[in-house]
Number of protein chains: 2
Amino acid sequence: MNENKVDFERCDCNVIHEDVVNSVRDGMPHEESLYDLAEIFKVFGDTTRIKILYALFASEMCVCDIAVLLNMTQSAISHQLRVLKQARLVKYRKEGKVVYYSLDDEHVKQIFDQGLIHITERNKI
Amino acid sequence: MNENKVDFERCDCNVIHEDVVNSVRDGMPHEESLYDLAEIFKVFGDTTRIKILYALFASEMCVCDIAVLLNMTQSAISHQLRVLKQARLVKYRKEGKVVYYSLDDEHVKQIFDQGLIHITERNKI
DNA sequence: AAAAAATATGAGCAAATATTCATATGAAAT
DNA sequence: ATTTCATATGAATATTTGCTCATATTTTTT
């Protein structure tokens, strides 16, 4: 009962439905899970990274190829690949001085598809 | 053949696999679709908005309730609700001076779930 | 009609982020 | 060994973005 006490002063309004607030709070996942979830979607939330993932969807590619495909700097691509690598969405293999990147997650397509379903359904109206 | 010509100068490296680049380019969705896709994920890519969506998952709530639940300003919540509204992820109904928000998309849960699957699988290692 | 309450919104600010530029690293070719 | 090429990376810059603060709007209450 006591841990449900929150800082009401932070909100410049009164609680309207204290019961709803309490029951919803009990069902909320841990702060950390929600943070991680947002972090993953943040990675997907950039056009360049989306393009890279879509490209790797079709084929394994080296950094230079991706840069040419997207008409962007090698450096910019390399920076973004690092982000994707840290999120464990892509993996790489080295062959001499060339580094080939490919998808490292079976869920990427499913996440993509759900996003696409949303925007296509939404635009139907 | 001509439209495949791109500005190679922008990339400070030579094309390594021109065939791969061309075939991948042919399979790429339109620029606009990719932009929209990134936009949707961008909406999911914020902890506050993720929390709001999770809360609305459990129950319809008014702005003030959400603010108290998340221990944040009414203004901050209202701003974020606008973003969610524009992305057509939430809808609202007015009852007097109180505005109740709720989810406006059956796909939200599926998108969430895919994201969760990714982070849980990833953390298994 | 006036005050109060819930929500919305515009401007400003601070933090985060994507790209550029210069340069480092590492492997292959000469 | 030296040069060349593919990639990585740190610093700087420009843009985006989330929150705060003040205030507007709308509905209810008195």
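In the text below, chain A, chain B and the rest are named by the order of the sequence lines, each starting its count at 1. As a basis for the values below, the full set of heavy atoms in this structure was taken, side chains included, without hydrogen atoms, waters or symmetry mates. These figures come from a predicted structure and were not determined experimentally.
- In this structure, A:F41 and B:F44 have tilted ring planes: the angle between them lies in the 30° to 60° band.
- In this model, the phosphate group of C:dA16 is not approached by any side-chain N or O of A:K42 to a distance below 4.0 Å at OP1 or OP2.
- Within the 4.0 Å cut-off from OP1 or OP2 of C:dT7, not a single side-chain nitrogen or oxygen of B:K94 is found.
- Side-chain N or O atoms of B:D65 include none that pairs as donor or acceptor with a backbone N or O of A:V21 at under 3.5 Å.
- An OP1 or OP2 oxygen of D:dT20 is reached within less than 4.0 angstrom by a side-chain nitrogen or oxygen of B:T73.
- Contacts of B:Y101 with the nucleic acid, taken as non-hydrogen atoms under 4.0 Å apart, involve only primed sugar atoms and P, OP1 or OP2.
- Among the protein residues, B:I16 comes within range of the sugar-phosphate backbone only, with heavy atoms under 4.0 Å from sugar or phosphate atoms but none that close to a base.
- Here the side chain of A:N22 pairs a donor or acceptor atom with the backbone of A:E18 at under 3.5 angstrom.
- Atom CD of A:Q74 is separated from atom P of C:dT19 by 13 Å (rounded to the nearest Å).
- In this structure, B:Q80 reaches the D:dC19 phosphate: one of its side-chain N or O atoms is under 4.0 Å from OP1 or OP2.
- In this structure, of D:dC19, D:dT27, C:dA27, it is D:dC19 that holds the atom nearest to the side chain of B:M72.
- For A:R49, taking side-chain heavy atoms from C-beta onward, the closest of the listed nucleotides C:dA18, D:dT28, D:dT20 is C:dA18.
- Of the two residues contacting DNA chain C, namely B:A76 and A:H79, the nearest-nucleotide position lying further toward the 5' end is that of B:A76.
- Distances shorter than 4.0 Å separate some side-chain N or O of B:T48 from OP1 or OP2 on D:dC19.
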